[in-house]
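A note on names: the letters A, B, ... follow the listed sequences, proteins ahead of strands, and every chain is numbered from 1.
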Amino acid sequence: MSILVVMEVVMEQSRLTWHRMSWEALAAGQELGRQMDLPVAAVVLGQGIAALAAELSAKKLDKVYAIEHDLLAGYTADGYTAALAGLAAQVNPTLVLFPHTYQVRDFAPKLATRLGKVLISDVVRVRLEEGGLVMVRQLFQGKLNADYRASGAGPHFASIQAGAYRAEMVEAGSAQVETVTPVLEAAAIRVKVGAPFRESQRAVDLTAAELIVSVGRGIKEKDNIALVEELARVMGAELAASRPICDNGWLPMERQVGSSGQTVSPKVYLAIGISGAIQHLVGMKGSKAVVAINKDANAPIFEVADYGIVGDLFEVVPALIEEVKKAKGL
Amino acid sequence: MKILVAIKQVPSRDSQLRLDTSGRWIDEADLASEINEPDAYALEEALQIKEKHGGEVVALCAGPARASQTIREALAKGADRAIHIENDDLGRYDLLGVARLLAKAAAGETPDLILTGLQSDDLGYGQTGVVMAELLGLPAATIIMQVEKTDAGIRVKRELEDGWFQHMDIPLPAVLTIQSGINKLRYATLMGIKKAKTKEVKRLTSVDLGIDAVPNVSLDRVYLPQRAKQTTFIPGSAREQAAKLAEILKFEVRVL
Ligand SMILES: Cc1cc2nc3c(=O)[nH]c(=O)nc-3n(C[C@H](O)[C@H](O)[C@H](O)COP(=O)(O)OP(=O)(O)OC[C@H]3O[C@@H](n4cnc5c(N)ncnc54)[C@H](O)[C@@H]3O)c2cc1C
Ligand SMILES: Nc1ncnc2c1ncn2[C@@H]1O[C@H](COP(=O)(O)O)[C@@H](O)[C@H]1O
């Protein structure tokens, strides 16, 4: 009976460090540990992770598991699944939490399946209710919320959405490190993984922009992009976009904002015809002010907007171009 | 190469969603539907691999009778045949249950490659392909942006966070979850639409597949999220809204 939080390690400038979302998952674990009155342990996997495990041992935890193995030097779904399935069999946790990262998407469903369980993915809140755990997650790209209930004996598995819990809430303390040597065979790892790389240098650096006009699929057609281009021009703003606009080739990839694009924090982010899926929000919610123009009053983008206009962008944007010109004396 | 593509029918993106009387799902009557977006890219990728290396593309869909529309569109675009796991009440199955249905039907085909979308637009689990792979004992890779045939199997380009990528070599058979934008989608031709009518659609039920719904996770309640943010909504006509916004940008946020 315990809660396990699986921490993600990333390589940055040839140094191992934490994926920032790991701390959010750990905060969720500590909060639930208090509510459920269960011990909380953190897990870190890899090779040469002693320093990371030591860092975890200064948190309020009952235990830190450091799973060390040469075959875990680089991430593979096969290696991680085998190692964590072994640990789960050993400690039999009630609940296993992960940050909902791309890596976790890649192996956590496999791990849960191997144990005959279902991972509840991309959870924004976990509540303790009579009769069990209720996990809240979003449906329809954030338009609706849903309560999921995990019934039966554990372990239950959940991955925590970016920003759902706060990393600063992680409590300090002290914990013992237990080094675990998993049973792994090279032959069980079926894939060969190459080193991470970036495509050619980005010609556009949106991270430095003070003003961003960003366009989404509400723009409907490639030819209409000119409209927002004109708005960006008169405002003196950089033009950015949601993923589908770049997928369609209407704007180059380097103008994409979101989890697979750039992360921006301008003074003003003007989102036009963008619904506000979480993968977009993570790239822009650090903006000082967010303005959203959307015809759907329930669009999730308004959840992060300081100013909202519910309306048809094809009416609002042309009017806005005129008003901006006036305000600037153009 | 024999390629199986899992395609799901979902409510159209622009749908106005209303909750149904049970409070556990949306009212689907009168909703238009379409193919799940990444699945369209998965289908296109399968068609392109077949065009290069030969073989067969089989579309696989679990859903109610009306999903046959989406299946027909896949056939019109060039899939050779389809398998429809027909079920009007898939909501009784949890994620693992649906993946079991799909995996069982897939196993009967012994494909070289299984492609799924990386995530469904309605349930958004982002898991079905990976779960199918585990059920079938196959290797998997997710968020794929490129697929190339090699002597030993395939080489894929996987999307990582923040604009990073990574190559992976995977032996076949394997499962890939395909990211939107991996290729350029084609339209169905008139000829394709005509030919689709003659292509085989094999219908299977959960009874045929021998898989019952025994969920270990249940969806209890669906509701509108509560707004936490205090958004200042600007009322009025488009012209009034625009004028007010320009004023805010100039005098409150001071960026003009
Ligand atoms: C692993 C992964 C990574 C991803 N990475 C990214 C990423 O980096 N960046 C990103 O943006 N997305 C990313 N996505 C995709 C993301 O989930 C959404 O699908 C995408 O952001 C939706 O783009 P959109 O809001 O432009 O389109 P839609 O969701 O189609 O929204 C269009 C909006 O326009 C509004 N609209 C329509 N017509 C009008 C009109 N006339 N006037 C005003 N409003 C109108 C609609 O109400 C709707 O809200 C990723 C997804 C996954 C699974
Ligand atoms: N009912 C279904 N029928 C066919 N394919 C499905 C179904 N459900 C999920 N999938 C596939 O699995 C992918 C991921 O779905 P999900 O795990 O729900 O996000 C989708 O993009 C589809 O390719």
Side-chain angles (χ1 to χ4, degrees), chain A residues 77-78 101-102 105-106 109-110 113-114 117-122 138-141 143-152 190-194 196-198 210-211 243-244 246-247 259-261 267-268 289 291 298 302-311 315-316 319-320 323-324 327-328, chain B residues 11 17 26 94-96 121-127 130-131 133-135 139-143 159-171 180-181 184 216-225 227-229 231-234 238-239 241-243 245-250 253 255-256:
Chain A
D78 285 335
T101 60
Y102 285 21
R105 285 166 171 272
D106 196 67
K110 179 179 168 74
T113 305
R114 186 159 301 178
K117 298 291 181 182
V118 172
L119 165 73
I120 304 184
S121 46
D122 214 6
Q138 299 176 313
L139 301 178
F140 296 96
Q141 306 217 332
K143 292 194 194 80
L144 295 176
N145 274 7
D147 286 352
Y148 280 75
R149 191 180 293 270
S151 44
R190 294 167 288 186
V191 302
K192 259 196 21 231
V193 181
F197 63 92
R198 272 195 152 142
E210 293 239 306
L211 278 179
R243 178 162 190 134
C246 303
D247 284 348
S259 65
S260 45
K267 275 194 186 151
V268 174
V291 182
N298 286 324
F302 289 120
E303 186 55 44
V304 299
D306 300 278
Y307 302 96
I309 289 180
V310 177
E315 291 172 18
V316 177
L320 188 57
E323 295 296 337
V324 169
K328 291 181 101 172
Chain B
L17 304 175
I26 55 159
D94 62 9
L95 159 78
L96 182 56
D121 284 341
D122 51 358
L123 291 167
Y125 295 130
Q127 298 190 46
V130 178
V131 173
E134 177 64 17
L135 293 171
T142 53
I143 324 192
E159 187 176 302
L160 306 174
E161 283 160 44
D162 296 326
W164 291 84
F165 298 92
Q166 171 178 63
H167 285 297
M168 270 171 78
D169 290 302
I170 312 175
S180 292
K184 228 172 140 2
N216 61 69
V217 164
S218 62
L219 204 178
D220 279 7
R221 194 165 75 91
V222 174
Y223 49 98
L224 274 176
R227 297 239 166 279
K229 179 100 182 182
T231 305
T232 306
F233 281 98
I234 303 171
R239 184 143 291 286
Q241 289 173 319
L245 179 57
E247 189 188 311
I248 290 168
L249 293 174
K250 183 160 182 175
V253 202
V255 290
L256 292 188

[atom1] of [X] to [atom2] of [Y]: how many Å apart, nearest 0.5 Å?
{"X": "A:Ile309", "Y": "B:Leu245", "atom1": "CD1", "atom2": "CG", "answer": "4.5 Å"}
{"X": "A:Asp106", "Y": "B:Gln127", "atom1": "CG", "atom2": "CD", "answer": "12.0 Å"}
{"X": "A:Lys143", "Y": "B:Ile26", "atom1": "NZ", "atom2": "CD1", "answer": "10.0 Å"}
{"X": "B:Leu219", "Y": "A:Leu139", "atom1": "CG", "atom2": "CG", "answer": "6.0 Å"}
{"X": "B:Tyr125", "Y": "A:Tyr148", "atom1": "OH", "atom2": "OH", "answer": "3.0 Å"}

Output the option from [options] having the highest count of non-hydrogen pairs under 4.5 Å with chain A.
{"options": "B:Ser180, B:Gly126, B:Pro171", "result": "B:Ser180"}
{"options": "B:Arg227, B:Lys184, B:Met168", "result": "B:Arg227"}
{"options": "B:Gly181, B:Ala242, B:Ala228", "result": "B:Ala242"}
{"options": "B:Leu135, B:Asp162, B:Leu256", "result": "B:Asp162"}
{"options": "B:Leu249, B:Ile170, B:Asp121, B:Val253", "result": "B:Asp121"}
{"options": "B:Gly124, B:Ala243, B:Ala246", "result": "B:Ala243"}

(message) When you measure from the side chain of B:Glu159 to the backbone of A:Ser260, do you find a donor-acceptor pair of N or O atoms at a distance under 3.5 Å?
(response)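 A pair under 3.5 Å: no.
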
(message) Determine whether a donor-acceptor pair (N or O, by modelled atom type, separation under 3.5 Å) exists between the side chain of B:Thr231 and the backbone of A:Phe302.
(response)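 Side chain of B:Thr231 to backbone of A:Phe302, a donor-acceptor pair under 3.5 Å: yes, one is there.
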
Indicate the atoms forming the closest heavy-atom contact of [X] with [Y], along with that distance.
{"X": "A:Tyr102", "Y": "B:Glu161", "answer": "N-OE2, 2.8 Å"}
{"X": "A:Asp306", "Y": "B:Lys229", "answer": "OD1-NZ, 3.3 Å"}
{"X": "B:Ala238", "Y": "A:Ala319", "answer": "O-CB, 4.1 Å"}

Toward chain A, the part of [X] with a non-hydrogen atom under 4.5 Å:
{"X": "B:Leu160", "value": "both"}
{"X": "B:Asn216", "value": "both"}
{"X": "B:Leu96", "value": "both"}

Of all of [options], which one pairs up most often with chain B through heavy atoms under 4.5 Å apart?
{"options": "A:Lys110, A:Arg149, A:Gln138", "value": "A:Arg149"}
{"options": "A:Val304, A:Asp78, A:Asp122", "value": "A:Val304"}
{"options": "A:Asn298, A:Val193, A:Val316, A:Ile120", "value": "A:Val193"}
{"options": "A:Gln141, A:Glu315, A:Arg105, A:Lys328", "value": "A:Arg105"}
{"options": "A:Gly261, A:Ser259, A:Gly311, A:Ala77", "value": "A:Ser259"}

(request) Begin from the C-alpha positions of B:Arg239 and A:Glu323 and carry the test side-chain contact (heavy atoms from CB on, under 4.5 Å) through to its verdict. (result) CA-CA 9 Å; B:Arg239 184 143 291 286; A:Glu323 295 296 337; 3.4 Å; yes

(message) Between A:Ala289 and chain B, with a heavy-atom cut-off of 4.5 Å, which part of the residue counts as in contact: side chain, backbone, both or neither?
(response)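 Answer is side chain: those atoms of A:Ala289 sit under 4.5 Å from chain B.
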
(request) Please look at A:Leu211 and chain B and tell me whether the side chain, the backbone, both or neither of the residue comes under 4.5 angstrom of a heavy atom of that chain. (result)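 For A:Leu211, the contact with chain B is made by the side chain alone.
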
(message) Do B:Asp169 and A:Val191 have side chains that approach each other closer than 4.5 Å (heavy atoms only, starting at C-beta)?
(response)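 The answer is no; the side chains never approach within 4.5 Å.
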
(request) Measure the shortest side-chain to side-chain distance between A:Asn145 and B:Leu224 over non-hydrogen atoms and say whether it is less than 4.5 angstrom. (result)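 Heavy-atom side-chain distance check fails, nothing below 4.5 Å.
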
(request) Quick one: do B:Val255 and A:Glu210 satisfy side-chain contact (heavy atoms from CB on, under 4.5 Å)? Show the steps, please. (result) CA-CA 9 Å; B:Val255 290; A:Glu210 293 239 306; over 6 Å; no

